[in-house]
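The structure appears right after this line, and notes come after that.
Order of the sequence lines fixes the chain letters, A, B, ..., with proteins taken first and strands second; residue numbering starts at 1 for each chain.
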Protein chains: 2
Amino acid sequence: MSEPAQEQIDRVLAALADPTRRRMVDLLREGPMRAGDLAAAFEISGPAVSRHLRVLRENALIEEEEAGDDRRLRVYRLRAAPFADLQAWLEEVAAFWTSQLTAFKAHAEGKTRKRKKK
Amino acid sequence: MSEPAQEQIDRVLAALADPTRRRMVDLLREGPMRAGDLAAAFEISGPAVSRHLRVLRENALIEEEEAGDDRRLRVYRLRAAPFADLQAWLEEVAAFWTSQLTAFKAHAEGKTRKRKKK
DNA sequence: CTAATATTTAATCAATACGTTAAATATATC
DNA sequence: GATATATTTAACGTATTGATTAAATATTAG
């Protein structure tokens, strides 16, 4: 059904490759916030922050939300899907070591047997 | 004890940001292989492959191994640590949605109560 | 050990990415 | 609704990245 699609994973990784954007994601973990709130956390200019947000948005890592119970304010919120895709890929990669472990065990047994022969 | 260290995560992400390198990791999941084997899978030149391997190696995603039961051959093998670090970070990020879910539930209950008032 | 092959390093180039300031546009406040 | 503030877009410069070809250095085979 929902094949992660290689391309999607590449996009998430590209978006997270920049340390500033990675830190922005960390900040957004505390909850949705406005562009200005994020900007306050960095020493770069406003436009630079805006551009990073654009990249995160274009790659679907965040979305703009015009929520706000009482007031109408634009906030950015983390989106789950891209992170889930990346997690799924990482689990596939992690499978390498389980199989390696199996191979190692088989190999070790083989060696043991050989030694017995000796 | 083993604090993932932000910097390490940034390095892993930077290394995986390039699609070719991401694909190389995918290939290495099938098992350790030589530079040439990897090169055969791509249309780019040998030196380009070599540079990508260098980046992966410098960021500790792979390591050179001079193993080989019968023959002496240089192969590249995936290293677990960087991927584990990234996984750990992703889990922290994922915690956002669990807490969001909690918040949402609380919010929904609040709304329900309000409606009752109405 | 020498020749053949494979891999890495060097030098160079084009494309991309990130930052800045200035201008435009959208949003918020009185 | 007019003014002040916040945010994005435009234009531009610099630095980094990824690719290529040529040269150097392993590594494998005879």
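- Within the 4.0 Å cut-off from OP1 or OP2 of dA19(D), at least one side-chain nitrogen or oxygen of His52(B) is found.
- For the atom pair CZ (Arg22(B)) and CG (Leu16(B)), the distance works out to 8.5 Å, reported to the nearest 0.5 Å.
- Not one side-chain nitrogen or oxygen of Ser45(B) sits closer than 4.0 Å to the OP1 or OP2 atom of dA19(D).
- Residue Glu58(B) holds its CD atom at 11.0 Å from CG of Leu53(B), rounded to the nearest 0.5 Å.
- Of the inter-residue distances, the one linking Leu90(A) atom CG with Leu86(B) atom CG reads 4.5 Å to the nearest 0.5 angstrom.
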Across nucleotides 3-13 of chain D, 5' to 3', mark each nucleotide with B, S or - according to how protein heavy atoms within less than 4.0 Å reach it. ----SBB----
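- Here dG18(D) presents its P atom at 11 Å from CE of Met24(B), a figure rounded to the nearest Å.
- Arg79(B) forms no cation-pi arrangement with Trp97(A), by the criterion of a distance under 6.0 Å to the ring centre and an angle within 45° of the ring axis.
- In this structure Arg51(A) satisfies the side chain to side chain donor-acceptor pair (under 3.5 Å) test with no other residue, sequence neighbours excluded.
- Listed by chain and residue number, nothing satisfies the side chain to side chain donor-acceptor pair (under 3.5 Å) test with Asn59(B) (two or more places apart in sequence, or in another chain).
- Residues meeting the side chain to side chain donor-acceptor pair (under 3.5 Å) test with Glu63(A), sequence neighbours left out: none.
- With contacts defined as side-chain heavy-atom distances shorter than 4.5 Å, the pair Met24(A)/Phe42(A) qualifies.
- When the local axes at the two ends of the helix from dC1(C)-dG30(D) to dC30(C)-dG1(D) are compared, using 5 base pairs at each end, they differ in direction by 50° after rounding to 10°.
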Under 3.5 Å, which N/O atoms of the protein pair with N/O atoms of nucleotides 12-17 of chain C?
none

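- The distance between atom CZ of Phe42(B) and atom C1' of dA19(D), rounded to the nearest whole Å, is 15 Å.
- In this structure, Glu92(B) pairs ionically with Arg29(A), as a charged nitrogen and a carboxylate oxygen lie closer than 4.0 Å.
- The side-chain heavy atoms of Gln6(A) and Asp26(B), taken from C-beta on, include a pair separated by under 4.5 Å.
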